[in-house]
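No hydrogens, no waters, no symmetry mates; every other heavy atom, side chains included, goes into these values.
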Protein chains: 2
Amino acid sequence: MLSYTEENYLKALLKISFAHGDLGVGTNELATVLAVKPATANDMLKKLKEKELVDYEKYGKIRLTASGKKRGIDVIRKHRLWETFLFKKLEFSWDEVHEVAEQLEHIQSEKLVDKLDKFLDYPEFDPHGDPIPNKKGELKVQFKKTLADVAVGSSCKMVAVKDNSSSFLQYVVKVGLGINNEISVVSKQDYDALTVIKVNGVKSSVSQKFAENIFVVCNNCVVGKSCPKTKCEIK
Amino acid sequence: MLSYTEENYLKALLKISFAHGDLGVGTNELATVLAVKPATANDMLKKLKEKELVDYEKYGKIRLTASGKKRGIDVIRKHRLWETFLFKKLEFSWDEVHEVAEQLEHIQSEKLVDKLDKFLDYPEFDPHGDPIPNKKGELKVQFKKTLADVAVGSSCKMVAVKDNSSSFLQYVVKVGLGINNEISVVSKQDYDALTVIKVNGVKSSVSQKFAENIFVVCNNCVVGKSCPKTKCEIK
DNA sequence: TTTATTTATTAGATTAGTCTAACTTTATTA
DNA sequence: TAATAAAGTTAGACTAATCTAATAAATAAA
Ligand SMILES: [Mn+2]
Ligand SMILES: [Mn+2]
Ligand SMILES: [Mn+2]
Ligand SMILES: [Mn+2]
């Protein structure tokens with residue numbers, strides 16, 4: 001049985017791995033994500049190594065073992081199922097679900113997770129567009145392309161958000177954006193990449209930082225695979 | 001913000017108070033209920049007194065303050081709402097809900113509790129027949145009379161169970177009993193109070209211990225008040 | 001290739017919650 | 001009422017998770 005804290009370390013390691021491929025994770029990086037000091041993370045990593053949930057050499061990069069990865073995915077599965085429950089069944093808005101799911105993800109009951117999954121009719125994506133791992137731990141490939149990659153004159157579909165903070169999510173709503181919306185890129189400033197987009201006929205300006213936090217696909221893209229079109233409008 | 005552990009102490013104090021009226025709680029008693037040593041309970045009681053959640057003199061009986069009581073009732077409210085959710089929405093059986101609710105009762109989100117309450121359509125009783133406190137903390141009076149109090153030849157209605165353990169609940173089902181069932185007391189042994197009851201036309205023998213764990217009302221009893229009938233068949 | 005900077009580790013301390021063992025106070029009973 | 005038993009408290013120790021401050025190793029810059 002893993003502690004609340006151990007589960008959070010595994011989840012953080014997994015999320016960092018998703019973000020930057022195969023080249024292991026650093027102690028400081030992990031500590032930053034978990035908002036603890038490197039010394040603290042270092043202590044915990046020793047314990048996780050002892051339990052064979054992570055593997056690394058002293059002063060080397062950290063990687064999850066197969067079992068560590070499975071445990072981490074289970075936590076993410078629970079997190080996203082609970083977010084979906086709060087959003088779909090309890091009328092929470094998409095910027096409110098994350099905080100509560102941070103607590104709910106640590107409830108230990110396999111039956112509860114499976115029943116919740118069934119109750120929600122086996123959802124594939126959470127309210128932020130993130131894929132929900134299934135019972136076996138299989139996870140749809142995460143999205144890679146963002147609104148910042150879309151060429152001027154092209155259009156795309158918003159599929160997820162990268163930043164899950166309540167402030168960003170509320171801003172997204174204010175700009176008139178949401179999951180599955182069609183976005184046209186009207187123009188882009190050379191100097192600072194300030195971008196004019198059109199959503200449902202309404203134009204707005206968004207910053208580079210904003211655009212990088214909106215995951216999109218082009219209309220020919222196959223989610224999780226490369227675009228079959230020879231000249232995809234998205235890099 | 002109360003810790004997981006502090007919440008459990010308040011809940012335990014409240015439950016013991018419910019069980020034996022106004023005469024405060026003892027350290028050893030509390031320790032037994034929480035499955036810790038008296039020394040441990042003593043340490044925690046000092047902290048709770050410091051936070052003005054309980055009140056007592058050294059070597060004296062312990063009582064919850066108004067605010068301690070409110071916090072304890074909130075935990076019970078959450079526990080029973082979650083049990084109801086698991087039972088009504090996720091197809092858990094009544095002997096499975098308690099264990100998971102022990103975890104869920106510590107999730108901190110007032111909004112979650114209120115939304116859950118609404119989602120369940122403001123239930124008044126949990127799957128074990130126990131009353132669910134409302135948002136204000138108002139709690140229906142607990143049941144007092146048990147099957148062991150019912151006179152031979154009389155009948156009564158089962159309204160709740162005292163013991164919430166999975167083994168007892170499964171036994172109750174095996175005997176053919178459930179909440180709201182009509183029970184006739186056919187006979188009772190003088191020697192050991194072994195009782196023959198009839199439920200839905202089927203006779204069974206139950207021990208005194210068993211009978212004392214089934215809360216009942218007579219058909220004239222008004223829940224939470226005394227029976228208006230001059231000669232109530234239940235003491 | 002030294003030096004400086006960043007990254008990682010260790011040592012020692014703290015807090016919450018728990019324990020055992022010894023001791024004190026209150027309650028029971030002979 | 002005095003002896004005994006039960007209930008409650010204290011002292012000292014342990015673990016998990018955290019911190020600060022000092023140190024060591026690896027990397028980047030000069
Ligand atoms: Mn989230
Ligand atoms: Mn999410
Ligand atoms: Mn329960
Ligand atoms: Mn219950």
Side-chain angles (χ1 to χ4, degrees), chain A residues 1-13 16-17 19-64 68 71-72 75 102-103 105-106 108, chain B residues 1-13 16-17 19-64 68 71-72 75 102-103 105-106 108:
Chain A
M1 186 112 313
L2 298 174
S3 73
Y4 186 106
T5 311
E6 288 170 326
E7 286 194 337
N8 280 336
Y9 275 80
L10 295 182
K11 186 179 63 154
L13 283 165
I16 299 172
S17 308
H20 57 234
D22 209 24
L23 41 135
V25 179
T27 306
N28 288 4
E29 193 178 12
L30 177 61
T32 305
V33 169
L34 289 165
V36 298
K37 301 293 162 185
T40 307
N42 189 258
D43 282 350
M44 179 56 81
L45 285 167
K46 283 182 195 162
K47 281 187 228 160
L48 295 177
K49 188 180 178 184
E50 190 56 42
K51 293 189 176 185
E52 302 195 340
L53 295 163
V54 304
D55 194 24
Y56 67 97
E57 299 303 314
K58 212 175 177 182
Y59 292 102
K61 292 297 174 187
I62 304 138
R63 278 182 190 77
L64 287 164
R71 304 300 214 94
V75 179
E102 285 291 305
Q103 297 178 59
E105 72 188 7
H106 300 291
Q108 313 271 191
Chain B
M1 187 113 310
L2 298 175
S3 73
Y4 186 105
T5 310
E6 288 169 325
E7 286 195 336
N8 280 336
Y9 275 81
L10 296 181
K11 187 179 62 154
L13 283 166
I16 299 171
S17 307
H20 57 235
D22 209 24
L23 40 137
V25 178
T27 307
N28 288 3
E29 191 178 12
L30 177 61
T32 304
V33 169
L34 288 166
V36 297
K37 300 294 162 185
T40 307
N42 189 257
D43 282 351
M44 180 56 81
L45 285 167
K46 283 181 195 163
K47 282 188 225 159
L48 295 177
K49 188 180 179 184
E50 190 54 42
K51 293 189 175 185
E52 302 194 339
L53 295 164
V54 304
D55 195 23
Y56 67 98
E57 300 303 315
K58 210 174 177 183
Y59 292 102
K61 292 297 174 187
I62 305 139
R63 279 183 189 76
L64 287 165
R71 303 300 214 93
V75 179
E102 284 291 304
Q103 298 178 59
E105 72 188 7
H106 301 290
Q108 312 272 190

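Contact check, N28(A) against dA8(C): a side-chain N or O comes under 4.0 Å of OP1 or OP2. Distances shown here put a side-chain N or O of S3(A) below 4.0 Å from the OP1 or OP2 atom of dA17(D). Remark: K47(A) is not in phosphate contact with dT15(D), judged by side-chain N or O atoms under 4.0 Å from OP1 or OP2. A close approach under 4.0 Å does occur between a side-chain nitrogen or oxygen of T27(A) and OP1 or OP2 of dT9(C). Distances shorter than 4.0 Å separate none of the side-chain N or O atoms of K61(B) from OP1 or OP2 on dA7(D). Side-chain nitrogen and oxygen atoms of K37(B) include none within less than 4.0 Å of the OP1 or OP2 phosphate oxygen of dA21(C). OP1 or OP2 of dT18(C) sits under 4.0 Å from a side-chain N or O of Y9(B). OP1 and OP2 of dA17(D) both lie 4.0 Å or more from every side-chain N or O belonging to T40(A).
Nucleic acid contact for Y4(A): none, since no nucleic acid atom lies under 4.0 Å from a heavy atom of the residue. Nucleic acid contact for A41(B): none, since no nucleic acid atom lies under 4.0 Å from a heavy atom of the residue.
Surrounding NZ of K49(A) are more than 12 heavy atoms belonging to other residues, nucleotides or ligands, all under 6.0 Å away. Residue-environment remark: CD (E52(A)) stays at or below the threshold of 12 foreign heavy atoms within 6.0 Å.
Nearest to the side chain of A39(A), among dA21(C), dA26(D), dA11(C), sits dA11(C). The side chain of N42(B) sits closest to dT10(D) out of dT10(C), dT10(D), dC19(D). Among the nucleotides dG17(C), dT25(C), dT9(C), the one closest to the side chain of Y59(A) is dT9(C).
Atom pair M44(B):CE and dA16(C):C1' shows a separation of 8 Å (rounding to whole Å applied). L30(A) has its CG atom 11 Å from the P atom of dT9(C), to the nearest Å. The nearest whole Å value for the distance from the CG atom in L34(B) to the C1' atom in dG17(C) is 12 Å. Taking atom CG on L2(B) and atom C1' on dG17(C), their separation rounds to 15 Å, with Å as the unit. Between D43(A) atom CG and dT15(D) atom P there is a gap of 15 Å when expressed in whole angstrom units. The CG-P distance, from L10(A) to dA17(D), rounds to 12 Å in whole Å. With rounding to whole Å, K51(A) atom NZ is found 8 Å from dA17(D) atom P. A straight line from CG of L45(A) to P of dT9(C) spans 8 Å, rounded to a whole angstrom.
Here the closest heavy-atom approach between residue H20(B) and residue L23(B) is recorded as O-CG, 3.6 Å. Between V54(B) and L10(B), the closest heavy-atom pair is CG1-CD2, 4.5 Å.
Remark on DNA chain D: of its neighbouring residues E6(A) and K58(A), the 5'-side contact belongs to E6(A), judged by nearest-heavy-atom nucleotide.
In summary, E6(A) and K51(A) engage in a salt bridge, as defined by a charged side-chain N under 4.0 Å from a carboxylate O.
Remark: dA30(C) base-pairs with dT1(D); criterion is Watson-Crick or G-U wobble with both hydrogen-bond distances under 3.5 Å.
Cation-pi check for K61(B) over Y56(B) is not met; the charged atom does not lie both under 6.0 angstrom from the ring centroid and within 45 degrees of its normal.
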